[in-house]
Amino acid sequence: MADKKSSTDKSTGEKVKDAIDEKIVDPAKKAGDAMRAAGARVAEGGSTVSTKLIDQAENNARQAFAALRAAAAAKDLSEVMKVQGDYLREQGSRSMSQAREIGELIMQIGREAVQPLKGKD
């Protein structure tokens with residue numbers, strides 16, 4: 001009489017399948033899920049950066065029009081030159097601040113995007 005395997009014993013094929021699932025399929029699924037999560041965070045971040053850039057452009061335009069109004073109301077050329085100088089100085093400072101803000105935002109988005117890839121949420 002041939003030995004019959006009990007129903008609790010797994011066949012060699014089932015053991016191989018389980019090993020493949022554990023070592024290859026499951027990690028691949030987890031990696032795919034992490035990549036999707038990272039992609040979603042990058043997409044959200046891109047929208048945030050775009051909105052921030054629009055806000056900054058709007059602020060810059062408001063400041064430029066305010067300077068134009070001030071220059072138009074100037075009494076003489078020296079006052080126009082002062083308005084222009086002040087505007088250029090403030091715009092330079094504003095541009096540096098805005099660039100720093102966008103850079104920090106992009107770095108934050110990058111850190112958040114790689115978290116799922118590191119296995120942390």
Starting from the C-alpha separation in whole Å, work towards a yes-or-no answer on side-chain contact (heavy atoms from CB on, under 4.5 Å) for Gln84 and Met81. CA-CA 5 Å; Gln84 184 180 21; Met81 297 301 285; 4.0 Å; yes
Is there side-chain contact between Arg41 and Val114, with at least one heavy-atom pair below 4.5 Å? no
Determine whether a donor-acceptor pair (N or O, by modelled atom type, separation under 3.5 Å) exists between the side chain of Glu22 and the backbone of Asp18. no
Between Glu58 and Arg62, does at least one N-O distance fall below 4.0 Å, as a salt bridge requires? yes
Within-4.5 Å side-chain heavy-atom neighbours: Leu53 and Val49: yes
So does Gln91 get a backbone contact from the side chain of Ser95, meaning a donor-acceptor N/O pair under 3.5 Å? yes
Please report the interatomic distance CD(Gln98) to NZ(Lys52), rounded to the nearest 0.5 Å. 9.5 Å
Heavy atoms only: give me the nearest Ala38-Ala113 pair and the separation to one decimal. CB-O, 3.0 Å
Ignoring hydrogens, what is the shortest heavy-atom contact between Tyr87 and Arg94? Give both atom names and the distance. CE1-NH2, 3.9 Å
In the structure I gave you, are the side-chain heavy atoms of Glu112 and Glu44 within less than 4.5 Å of one another anywhere? no
Taking every non-hydrogen atom, the tightest pair across Ala74 and Val80: CB-CG2, 3.4 Å
Gap separating the CG atom of Asn59 from the CD1 atom of Ile54, nearest 0.5 angstrom: 14.0 Å
Can you check whether Lys17 reaches Glu14 side chain to side chain, under 4.5 Å on heavy atoms? no
Smallest heavy-atom separation, Ala71 atom then Val83 atom, equals N-CG1, 3.8 Å
Tell me whether Asp33 is salt-bridged to Lys30, with the criterion being a basic N under 4.0 Å from an acidic carboxylate O. no
